[in-house]
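A short worksheet on the structure shown next.
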Amino acid sequence: MYDIIGDIHGCADELVELLEKLGYAQNSAVFRHPERKIIFCGDFIDRGPQIRDVLQICRDMCQHHAALAVMGNHELNALAYHTPDPFLPGEFLRRHTDHNNRQIAQTLQQLSAVELQQALDWFRTLPACLELPELRVVHACWDPVDLQLLQSTAEELGWMSDAYLHQAARSGTQLFQSIERVMKGPEMRFPNGITLTDREGLVRKRARIRWFDQPTGCSFSDYMFPSLQLPEFEGATVPEDISPSPYPQDAPPLFFGHYWLRDRKPAPIRHNLACLDYSVARDGMLTAYRFHGHGPLISDHFVTVPRRSASPV
Ligand SMILES: [Mn+2]
(Lines give C-alpha, C1' and ligand atoms only; values in the text may rest on other atoms or scores of the structure.)
Protein backbone atom coordinates (compact mmCIF):
# COMPACT_ATOMS: atom_id res chain seq x y z
CA MET A 1 0.00 0.00 0.00
CA TYR A 2 1.01 3.63 -0.39
CA ASP A 3 2.17 6.67 1.55
CA ILE A 4 1.61 9.83 -0.48
CA ILE A 5 3.87 12.87 0.10
CA GLY A 6 3.12 16.50 -0.90
CA ASP A 7 5.38 19.25 -2.30
CA ILE A 8 8.97 19.05 -0.95
CA HIS A 9 10.70 22.06 -2.58
CA GLY A 10 14.26 21.22 -1.55
CA CYS A 11 13.56 20.39 2.12
CA ALA A 12 15.64 17.20 2.48
CA ASP A 13 16.01 17.10 6.30
CA GLU A 14 12.24 17.21 6.63
CA LEU A 15 11.89 14.54 3.92
CA VAL A 16 14.28 12.14 5.70
CA GLU A 17 12.49 12.72 9.00
CA LEU A 18 9.12 12.08 7.38
CA LEU A 19 10.31 8.90 5.64
CA GLU A 20 11.66 7.59 8.95
CA LYS A 21 8.43 8.50 10.72
CA LEU A 22 6.56 6.49 8.07
CA GLY A 23 8.78 3.45 8.75
CA TYR A 24 11.14 3.71 5.76
CA ALA A 25 14.84 2.99 6.34
CA GLN A 26 17.95 3.26 4.20
CA ASN A 27 18.88 -0.04 2.65
CA SER A 28 21.85 0.06 0.21
CA ALA A 29 21.51 3.86 0.23
CA VAL A 30 17.82 3.80 -0.82
CA PHE A 31 14.91 4.48 1.54
CA ARG A 32 12.53 1.52 1.49
CA HIS A 33 9.70 -0.04 3.42
CA PRO A 34 9.15 -3.81 3.47
CA GLU A 35 5.47 -3.52 2.49
CA ARG A 36 4.78 0.03 1.41
CA LYS A 37 5.68 2.49 -1.35
CA ILE A 38 5.83 6.28 -1.48
CA ILE A 39 4.02 8.35 -4.07
CA PHE A 40 5.42 11.88 -4.55
CA CYS A 41 3.02 14.61 -5.73
CA GLY A 42 5.71 16.66 -7.58
CA ASP A 43 7.43 20.03 -6.90
CA PHE A 44 10.75 18.59 -5.73
CA ILE A 45 12.86 21.63 -6.60
CA ASP A 46 13.15 25.43 -6.08
CA ARG A 47 12.91 27.46 -2.87
CA GLY A 48 14.44 25.11 -0.24
CA PRO A 49 18.10 24.69 0.80
CA GLN A 50 18.77 21.00 -0.09
CA ILE A 51 17.52 20.49 -3.62
CA ARG A 52 20.37 18.11 -4.57
CA ASP A 53 19.61 15.78 -1.65
CA VAL A 54 15.87 15.81 -2.34
CA LEU A 55 16.44 14.87 -5.98
CA GLN A 56 18.85 12.11 -5.05
CA ILE A 57 16.54 10.57 -2.45
CA CYS A 58 13.38 10.74 -4.58
CA ARG A 59 14.97 9.67 -7.85
CA ASP A 60 16.78 6.75 -6.20
CA MET A 61 13.53 5.60 -4.58
CA CYS A 62 11.70 5.77 -7.93
CA GLN A 63 14.47 3.97 -9.79
CA HIS A 64 14.52 1.19 -7.19
CA HIS A 65 10.73 0.79 -7.19
CA ALA A 66 10.39 2.08 -3.63
CA ALA A 67 8.40 5.07 -4.88
CA LEU A 68 6.30 6.49 -7.71
CA ALA A 69 6.00 10.17 -8.60
CA VAL A 70 4.08 12.66 -10.72
CA MET A 71 5.39 15.89 -12.23
CA GLY A 72 4.75 19.26 -10.59
CA ASN A 73 4.61 22.65 -12.25
CA HIS A 74 8.13 23.46 -11.01
CA GLU A 75 9.54 20.47 -12.90
CA LEU A 76 7.57 21.43 -16.01
CA ASN A 77 8.80 25.03 -15.65
CA ALA A 78 12.41 23.84 -15.32
CA LEU A 79 12.11 21.84 -18.56
CA ALA A 80 10.56 24.79 -20.43
CA TYR A 81 13.16 27.19 -18.94
CA HIS A 82 15.95 25.08 -20.46
CA THR A 83 14.33 24.35 -23.85
CA PRO A 84 15.18 26.87 -26.63
CA ASP A 85 12.21 28.53 -28.33
CA PRO A 86 12.29 27.28 -31.94
CA PHE A 87 10.77 30.54 -33.22
CA LEU A 88 12.87 33.03 -31.27
CA PRO A 89 16.62 32.42 -31.40
CA GLY A 90 18.26 33.11 -28.04
CA GLU A 91 14.95 32.77 -26.15
CA PHE A 92 13.63 29.84 -24.16
CA LEU A 93 10.12 28.38 -23.96
CA ARG A 94 9.90 29.74 -20.42
CA ARG A 95 11.32 33.23 -20.68
CA HIS A 96 14.25 34.21 -18.49
CA THR A 97 12.37 37.11 -16.88
CA ASP A 98 13.27 38.43 -13.43
CA HIS A 99 10.36 36.55 -11.89
CA ASN A 100 11.13 33.25 -13.64
CA ASN A 101 14.85 33.63 -12.85
CA ARG A 102 14.04 34.19 -9.18
CA GLN A 103 11.75 31.19 -9.03
CA ILE A 104 14.43 28.77 -10.30
CA ALA A 105 17.41 30.56 -8.70
CA GLN A 106 17.95 28.12 -5.82
CA THR A 107 17.91 25.13 -8.16
CA LEU A 108 20.47 26.72 -10.51
CA GLN A 109 22.63 27.84 -7.59
CA GLN A 110 22.65 24.50 -5.79
CA LEU A 111 23.06 22.06 -8.70
CA SER A 112 26.12 21.67 -10.92
CA ALA A 113 25.57 21.63 -14.70
CA VAL A 114 25.78 17.82 -14.71
CA GLU A 115 23.35 17.48 -11.79
CA LEU A 116 20.94 19.87 -13.47
CA GLN A 117 21.02 17.83 -16.68
CA GLN A 118 20.41 14.63 -14.71
CA ALA A 119 17.49 16.30 -12.95
CA LEU A 120 15.94 17.44 -16.24
CA ASP A 121 16.38 13.95 -17.70
CA TRP A 122 14.51 12.52 -14.72
CA PHE A 123 11.74 15.13 -14.89
CA ARG A 124 10.99 14.08 -18.48
CA THR A 125 10.14 10.60 -17.22
CA LEU A 126 7.58 11.78 -14.64
CA PRO A 127 3.94 11.25 -15.64
CA ALA A 128 1.21 13.90 -15.34
CA CYS A 129 -0.89 11.66 -13.13
CA LEU A 130 -1.15 8.20 -11.62
CA GLU A 131 -4.33 6.20 -11.84
CA LEU A 132 -4.01 3.05 -9.73
CA PRO A 133 -6.83 0.67 -8.94
CA GLU A 134 -7.18 2.08 -5.41
CA LEU A 135 -6.22 5.75 -5.76
CA ARG A 136 -5.31 8.67 -8.05
CA VAL A 137 -2.56 11.27 -7.81
CA VAL A 138 -2.00 14.52 -9.72
CA HIS A 139 -0.05 17.67 -8.87
CA ALA A 140 -2.91 20.21 -8.95
CA CYS A 141 -6.14 19.29 -10.78
CA TRP A 142 -7.75 16.04 -11.93
CA ASP A 143 -9.69 16.77 -15.10
CA PRO A 144 -10.34 13.67 -17.24
CA VAL A 145 -10.65 15.70 -20.46
CA ASP A 146 -7.37 17.54 -19.90
CA LEU A 147 -5.56 14.36 -18.85
CA GLN A 148 -6.84 12.62 -21.99
CA LEU A 149 -5.47 15.43 -24.16
CA LEU A 150 -2.07 15.29 -22.42
CA GLN A 151 -2.04 11.55 -23.07
CA SER A 152 -3.10 11.62 -26.74
CA THR A 153 -0.60 14.38 -27.55
CA ALA A 154 2.11 12.34 -25.82
CA GLU A 155 1.29 9.35 -28.02
CA GLU A 156 1.73 11.58 -31.06
CA LEU A 157 4.78 13.66 -30.11
CA GLY A 158 6.43 11.76 -27.23
CA TRP A 159 5.87 12.76 -23.60
CA MET A 160 7.94 15.87 -22.77
CA SER A 161 9.83 15.70 -26.08
CA ASP A 162 10.96 19.08 -27.43
CA ALA A 163 8.01 19.01 -29.85
CA TYR A 164 5.64 18.35 -26.94
CA LEU A 165 7.13 21.18 -24.88
CA HIS A 166 6.97 23.58 -27.86
CA GLN A 167 3.23 23.05 -28.05
CA ALA A 168 2.69 22.94 -24.27
CA ALA A 169 4.45 26.30 -23.85
CA ARG A 170 2.52 28.14 -26.59
CA SER A 171 -0.41 29.95 -25.02
CA GLY A 172 -3.50 29.54 -27.14
CA THR A 173 -2.95 25.84 -27.85
CA GLN A 174 -5.30 23.34 -26.27
CA LEU A 175 -2.29 21.51 -24.87
CA PHE A 176 -1.09 24.68 -23.10
CA GLN A 177 -4.49 25.15 -21.49
CA SER A 178 -4.77 21.54 -20.40
CA ILE A 179 -1.28 21.22 -18.97
CA GLU A 180 -1.74 24.51 -17.08
CA ARG A 181 -4.95 23.19 -15.56
CA VAL A 182 -3.49 19.80 -14.59
CA MET A 183 -0.25 21.16 -13.09
CA LYS A 184 -1.31 24.60 -11.82
CA GLY A 185 -5.06 24.26 -11.39
CA PRO A 186 -7.85 26.43 -12.85
CA GLU A 187 -8.27 30.00 -11.59
CA MET A 188 -10.84 32.81 -11.51
CA ARG A 189 -10.41 36.56 -12.06
CA PHE A 190 -10.47 38.83 -9.00
CA PRO A 191 -13.63 40.96 -8.90
CA ASN A 192 -13.72 44.68 -9.81
CA GLY A 193 -10.26 44.79 -11.39
CA ILE A 194 -8.56 44.14 -8.03
CA THR A 195 -4.88 43.07 -8.13
CA LEU A 196 -2.75 41.64 -5.33
CA THR A 197 1.05 41.45 -5.14
CA ASP A 198 2.24 38.06 -3.90
CA ARG A 199 5.30 37.46 -1.74
CA GLU A 200 7.43 36.86 -4.82
CA GLY A 201 6.54 40.33 -6.09
CA LEU A 202 4.28 39.08 -8.87
CA VAL A 203 1.07 41.05 -9.46
CA ARG A 204 -1.82 38.59 -9.34
CA LYS A 205 -5.19 39.14 -10.96
CA ARG A 206 -6.53 35.64 -10.46
CA ALA A 207 -7.19 33.26 -7.60
CA ARG A 208 -6.91 29.49 -7.38
CA ILE A 209 -10.28 27.81 -7.00
CA ARG A 210 -11.97 24.81 -5.40
CA TRP A 211 -12.09 23.15 -8.83
CA PHE A 212 -13.28 19.88 -7.26
CA ASP A 213 -16.56 21.50 -6.12
CA GLN A 214 -19.33 23.32 -7.98
CA PRO A 215 -19.42 26.98 -6.86
CA THR A 216 -23.13 26.77 -6.00
CA GLY A 217 -23.87 28.92 -2.96
CA CYS A 218 -20.20 30.02 -2.56
CA SER A 219 -19.07 33.63 -2.23
CA PHE A 220 -15.90 34.62 -4.11
CA SER A 221 -13.78 34.17 -0.96
CA ASP A 222 -15.36 30.81 -0.13
CA TYR A 223 -14.59 29.49 -3.60
CA MET A 224 -10.91 30.50 -3.44
CA PHE A 225 -8.62 27.63 -2.54
CA PRO A 226 -7.28 28.11 -0.01
CA SER A 227 -10.03 30.50 1.02
CA LEU A 228 -8.88 34.06 1.62
CA GLN A 229 -11.24 36.43 3.40
CA LEU A 230 -10.21 39.95 2.37
CA PRO A 231 -12.30 43.11 2.76
CA GLU A 232 -11.77 43.76 -0.98
CA PHE A 233 -13.65 40.56 -1.81
CA GLU A 234 -16.63 41.20 0.46
CA GLY A 235 -19.91 40.74 -1.38
CA ALA A 236 -18.13 39.50 -4.53
CA THR A 237 -19.55 36.50 -6.34
CA VAL A 238 -17.86 33.73 -8.32
CA PRO A 239 -17.44 34.79 -11.99
CA GLU A 240 -19.55 32.89 -14.53
CA ASP A 241 -16.68 31.99 -16.86
CA ILE A 242 -14.89 29.60 -14.50
CA SER A 243 -14.37 26.00 -15.57
CA PRO A 244 -14.17 23.73 -12.54
CA SER A 245 -13.87 19.97 -12.77
CA PRO A 246 -16.14 18.72 -9.97
CA TYR A 247 -14.69 15.52 -8.54
CA PRO A 248 -17.35 12.80 -8.27
CA GLN A 249 -18.33 11.66 -4.79
CA ASP A 250 -18.03 8.01 -5.84
CA ALA A 251 -14.63 8.29 -7.59
CA PRO A 252 -11.50 6.68 -6.06
CA PRO A 253 -9.55 8.77 -3.51
CA LEU A 254 -7.54 11.55 -5.17
CA PHE A 255 -4.38 13.07 -3.68
CA PHE A 256 -2.78 16.29 -4.90
CA GLY A 257 -0.35 19.01 -3.76
CA HIS A 258 0.32 22.55 -5.03
CA TYR A 259 -2.05 24.67 -2.93
CA TRP A 260 0.13 26.00 -0.07
CA LEU A 261 -2.40 25.20 2.63
CA ARG A 262 -1.68 26.99 5.91
CA ASP A 263 -3.75 24.98 8.41
CA ARG A 264 -1.78 23.58 11.33
CA LYS A 265 -3.92 20.43 11.51
CA PRO A 266 -4.17 18.69 8.15
CA ALA A 267 -7.47 17.11 7.18
CA PRO A 268 -9.02 15.65 4.04
CA ILE A 269 -11.14 18.01 1.93
CA ARG A 270 -13.74 15.25 1.89
CA HIS A 271 -13.96 11.45 2.06
CA ASN A 272 -12.20 10.96 -1.33
CA LEU A 273 -10.05 14.12 -1.67
CA ALA A 274 -6.90 15.28 0.10
CA CYS A 275 -4.41 18.06 -0.60
CA LEU A 276 -0.95 17.27 0.85
CA ASP A 277 0.81 20.62 0.33
CA TYR A 278 1.10 22.32 3.72
CA SER A 279 3.77 24.85 2.73
CA VAL A 280 6.96 23.23 4.03
CA ALA A 281 8.94 25.71 1.92
CA ARG A 282 7.24 28.58 3.77
CA ASP A 283 7.60 27.53 7.41
CA GLY A 284 4.71 25.08 7.21
CA MET A 285 5.08 21.30 7.32
CA LEU A 286 5.94 18.45 5.00
CA THR A 287 2.88 16.24 4.87
CA ALA A 288 2.09 12.63 4.01
CA TYR A 289 -1.04 10.51 3.98
CA ARG A 290 -0.80 6.89 5.12
CA PHE A 291 -3.21 5.15 2.77
CA HIS A 292 -4.67 1.80 3.78
CA GLY A 293 -6.72 1.07 0.70
CA HIS A 294 -10.25 1.25 2.09
CA GLY A 295 -12.72 3.54 3.80
CA PRO A 296 -13.06 7.33 3.71
CA LEU A 297 -9.92 9.48 4.09
CA ILE A 298 -9.48 10.62 7.70
CA SER A 299 -7.38 13.20 9.56
CA ASP A 300 -5.67 10.54 11.71
CA HIS A 301 -3.80 9.21 8.68
CA PHE A 302 -1.93 12.46 7.97
CA VAL A 303 1.71 12.45 9.11
CA THR A 304 3.63 15.74 9.27
CA VAL A 305 7.11 17.13 9.92
CA PRO A 306 7.46 20.86 10.61
CA ARG A 307 9.91 23.01 8.66
CA ARG A 308 13.31 23.03 10.38
CA SER A 309 15.47 25.76 8.90
CA ALA A 310 14.75 29.20 7.56
CA SER A 311 14.29 29.45 3.83
CA PRO A 312 17.22 30.95 1.87
CA VAL A 313 14.75 32.95 -0.25
MN1 LIG B 1 3.03 23.42 -7.48
Side-chain angles (χ1 to χ4, degrees), residues 4-12 14-15 18 38-48 51 54-55 58 68-81 93-94 99-107 119-120 122-124 126-130 136-143 146-147 150 160 165 168-169 176-188 198-202 204 206-212 224-226 228 245 254-263 266 269 273-289 307 311 313:
I4 307 102
I5 296 183
D7 307 31
I8 306 167
H9 284 305
C11 295
E14 293 83 351
L15 174 60
L18 183 61
I38 295 289
I39 302 179
F40 296 111
C41 291
D43 278 7
F44 301 94
I45 57 168
D46 298 341
R47 301 203 167 101
I51 294 167
V54 167
L55 287 171
C58 299
L68 298 165
V70 299
M71 184 184 291
N73 57 309
H74 284 255
E75 285 76 49
L76 177 66
N77 287 348
L79 287 170
Y81 188 94
L93 293 180
R94 184 168 167 83
H99 171 264
N100 294 346
N101 291 342
R102 260 200 313 280
Q103 196 179 55
I104 201 169
Q106 284 301 320
T107 299
L120 296 173
W122 182 53
F123 297 164
R124 279 183 209 274
L126 299 176
C129 70
L130 286 170
R136 296 167 168 178
V137 180
V138 72
H139 183 62
C141 169
W142 188 278
D143 183 308
D146 292 317
L147 288 169
L150 265 53
M160 292 294 141
L165 285 166
F176 173 84
Q177 267 190 41
S178 290
I179 210 160
E180 289 271 305
R181 279 169 62 84
V182 165
M183 295 201 192
K184 302 181 187 173
E187 297 181 340
M188 61 181 172
D198 71 14
R199 61 187 74 212
E200 288 173 340
L202 199 68
R204 299 267 180 195
R206 304 173 75 83
R208 293 175 174 177
I209 64 171
R210 300 176 68 84
W211 54 265
F212 38 82
M224 287 176 80
F225 188 64
L228 182 60
S245 180
L254 170 67
F255 297 90
F256 58 97
H258 188 64
Y259 282 88
W260 295 100
L261 302 187
R262 303 293 292 164
D263 316 62
I269 297 165
L273 272 178
C275 176
L276 298 175
D277 179 13
Y278 283 84
S279 309
V280 67
R282 211 182 273 164
D283 303 318
M285 47 202 185
L286 186 63
T287 304
Y289 188 89
R307 177 63 185 260
S311 176
V313 280

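Counting convention: from 1, in listed order, for ligands and their atoms alike. The structure presented is a predicted model; accordingly, all values stated were derived computationally and were not measured.
- Judged purely by distance below 3.5 Å, without hydrogens or angles, the side chains of D7 and Y259 never pair a donor atom with an acceptor atom.
- To the nearest 0.5 angstrom, L273 atom CG is 6.0 Å from F256 atom CZ.
- Taking the six-membered ring for Trp and thresholds of 30 and 60 degrees, W122 and F44 have ring planes inclined between 30 and 60 degrees apart.
- Inspection of the environment of the Mn ion (ligand 1) yields the following protein N, O or S atoms under 2.8 Å: D43 OD2, N73 OD1, H139 NE2, H258 ND1.
- Residue R208 holds its CZ atom at 12.5 Å from CG of L228, rounded to the nearest 0.5 Å.
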Checklist entry - Taking it one step at a time, do E75 and M160 satisfy side chain to side chain contact (heavy atoms under 4.5 Å, CB included)? => result CA-CA 11 Å; E75 285 76 49; M160 292 294 141; over 6 Å; no
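- Remark: C141 SG to L147 CG distance equals 8.0 Å, nearest 0.5 Å.
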